Amino acid sequence: NDLIAEIMAFVFSVYLRGKKGIESVAEILDGHPQVINWSLEVNGLKRTLKIEVVDRASTYGIVECIRIMGYDCEQLDS
């Protein structure tokens, strides 16, 4: 019997500096095994990042990686 994981979506406000910042975050998200899908809405320096994951706990690690790279990242109310 296969277990079907529930996909959860979380929305974050992320402040990135230019194309290099976007590419750095893309590397983390593209390579993360728990990320099913992600998108980034650009509005000046402020970006809204939507991440779909199979495990809520994985979002904490993703946010920490983004912060370690020097970018502000905080979850928005859903």
Side-chain angles (χ1 to χ4, degrees):
N1 192 8
D2 290 337
L3 294 176
I4 298 175
E6 181 181 348
I7 298 174
M8 297 168 275
F10 298 94
V11 180
F12 300 88
S13 176
V14 183
Y15 293 88
L16 303 173
R17 293 180 294 274
K19 186 177 178 180
K20 184 176 181 177
I22 294 170
E23 290 172 352
S24 297
V25 170
E27 275 185 37
I28 291 170
L29 299 175
D30 287 341
H32 199 286
Q34 298 295 320
V35 174
I36 302 301
N37 194 20
W38 66 273
S39 62
L40 187 67
E41 182 181 306
V42 179
N43 184 7
L45 287 178
K46 184 177 180 181
R47 273 68 162 156
T48 303
L49 176 64
K50 180 179 180 183
I51 305 172
E52 295 177 10
V53 295
V54 294
D55 177 13
R56 178 180 178 76
S58 64
T59 61
Y60 301 117
I62 293 168
V63 168
E64 189 60 27
C65 286
I66 292 171
R67 288 181 177 160
I68 287 171
M69 292 173 15
Y71 303 112
D72 291 333
C73 181
E74 58 188 60
Q75 186 169 351
L76 299 175
D77 294 331
S78 35

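Fair warning: this is a prediction, and the values are worked out from it, not measured in the lab. Worth knowing before you read on, the calculation uses all heavy atoms, side chains too, and leaves out hydrogens, waters and symmetry mates.
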How far apart are the C-alpha atoms of V63 and E74, what are their side-chain angles, what is the distance that settles it, and do they pass the side chain to side chain contact (heavy atoms under 4.5 Å, CB included) test? CA-CA 8 Å; V63 168; E74 58 188 60; over 6 Å; no

Between H32 and I62, is any pair of side-chain heavy atoms under 4.5 Å apart? yes

Could you state the interatomic distance from CD (E52) to CD1 (I36), rounded to the nearest 0.5 Å? 8.0 Å

Candidates I51, L40, I66 - the one meeting side-chain contact (heavy atoms from CB on, under 4.5 Å) with F12: I51

Rounded to the nearest 0.5 angstrom, the NZ-CH2 distance for K50 and W38 is 13.5 Å

Any M69 side-chain heavy atom under 4.5 Å of V25 side chain: yes

Please confirm whether the backbone N or O of D72 pairs with a side-chain atom of R67, one donor and one acceptor, at under 3.5 Å? no

Would you name the heavy atoms of V54 and M8 that are closest together and state the gap between them? O-CE, 3.6 Å

May I ask you to test the E41-L49 pair for a side-chain heavy-atom distance under 4.5 Å? no

Roughly how far apart are Q34 CD and I7 CD1, rounded to 0.5 Å? 11.0 Å

